[in-house]
Amino acid sequence: MSDDPKHGPEVEAEEARTDQGNWFVRVVGPVIWPSFLVSALATWVFFLAIDPSDLHAATFPGWEIGRQTGYSIGFLMFWAVSAGASFLTAVLVRRPEKGESKGGK
C-alpha cells in the first residue's frame with residue numbers, strides 16, 4: 001500500500017466531486033444564464049408588439065389567462081427555446097476529455 005497522499009480512495013472521491021462541480025460550472029452555468037438574458041430581451045421585444053390579452057383571445061379563448069400569466073408563459077417559452085439552443089451549442093463546441101482520441105483514429 002502506498003503512503004503517497006496524492007493517491008487513494010479519498011482523493012479519487014474528492015476528484016469525482018470536483019469534476020461534477022466543474023461540469024455544472026462549465027456546462028449548466030453558461031447555458032442557463034445567457035439563455036435567461038436572451039429570453040428576457042425576447043419577451044420584452046415580443047410583448048412590445050403583441051398584447052397577451054389579444055394573443056389569448058386568438059389562441060385559447062376558452063381559458064382564463066390573465067395578462068401577467070401570459071407574460072410569464074411567454075418568458076418561460078422563450079427561456080426554454082434559448083436554453084435548448086445554448087445547450088446544443090455547448091455540446092457541439094465541447095472539447096474532448098483527456099484520453100479521448102482526436103479524429104477517430
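Contacts classified as salt bridge (charged side-chain N to carboxylate O under 4.0 Å, His left out) and involving residues 68-85 (residues at least two apart or in different chains) are not found. Within the structure, no pair that satisfies the salt bridge (charged side-chain N to carboxylate O under 4.0 Å, His left out) test touches residues 27-46, not counting sequence neighbours. For residues 35-53, the pairs satisfying salt bridge (charged side-chain N to carboxylate O under 4.0 Å, His left out) are D51-R67, with sequence neighbours left out.
Partners of W44 according to the ring pair (Phe, Tyr, Trp, His ring centres under 6.0 Å) rule, which considers only residues two or more places apart in sequence or in another chain, do not exist here. Take F78 and apply the side-chain contact (heavy atoms from CB on, under 4.5 Å) test, not counting sequence neighbours, and it matches S39, A42, T43, F46. Among residues two or more places apart in sequence or in another chain, the side chain to side chain donor-acceptor pair (under 3.5 Å) test is passed with S35 by W79.
Interatomic distance, CD1 of I73 versus CG of L76, reported as 8.0 Å (0.5 Å rounding). One distance of note links CG of L41 with CZ of F36; it measures 12.0 Å at 0.5 Å rounding.
Nearest heavy atom pair, residue V31 against residue A83, reads CG1-O, 3.6 Å. The two atoms that bring A40 and F75 nearest to each other are N-CE1, 3.7 Å, heavy atoms only.
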